[in-house]
Amino acid sequence: LILEGKYNQVVCYSKGQICVEDMEYAFMLDKIVKNKATNEELDALEPDLKENMILRANEKKQYLENLYTLAERNSI
């Protein structure tokens with residue numbers, strides 16, 4: 001990415017695929033997943049982007065909850 005002049009991009013793994021995301025988008029999505037995004041930050045997002053990010057964050061939370069449940073069952 002750096003060789004292509006893309007300094008504000010991060011490589012992510014999402015839905016079984018490696019993808020490239022804008023760094024600010026990835027940071028905000030991480031904050032939403034961790035319930036650390038403020039109302040002001042969420043209100044500053046475009047409505048469609050906000051909806052998409054909340055949907056992705058909820059999918060990620062569900063995935064993590066499923067992993068936790070699986071790990072908990074297998075540790076007994």
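The two residues Asp43 and Lys50 have their closest heavy-atom pair at OD1-NZ, 3.7 Å. In terms of heavy-atom proximity, Ala26 sits nearest to Val10 at CB-CG2, 3.6 Å. For Lys36 against Glu41, the heavy-atom pair with the smallest separation is O-OE1, 4.1 Å. Closest of all the heavy-atom pairs between Leu29 and Ala57 is CD1-N, 3.9 Å. Residue Arg56 comes nearest to Tyr25 through the heavy atom pair NH1-OH, 3.1 Å, listed as atom of the first residue, atom of the second, then distance. Residues Leu45 and Met28 approach most closely at CD1-CG, 4.3 Å, considering heavy atoms.
The side chain to side chain donor-acceptor pair (under 3.5 Å) test applied to Asp48 returns no partner, not counting sequence neighbours. For Tyr68, the side chain to side chain donor-acceptor pair (under 3.5 Å) test picks out Glu72, with sequence neighbours left out.
At most 12 heavy atoms of other shown residues, nucleotides or ligands fall within 6.0 angstrom of atom CD in Glu51. Counting heavy atoms of neighbouring residues, nucleotides and ligands inside a 6.0 Å radius, atom CD1 of Ile18 does not exceed 12 of them. In Lys61, the NZ atom is crowded: over 12 heavy atoms of neighbouring residues, nucleotides or ligands sit closer than 6.0 Å.
There is a side-chain donor-acceptor pair under 3.5 Å between Gln62 and Asn66.
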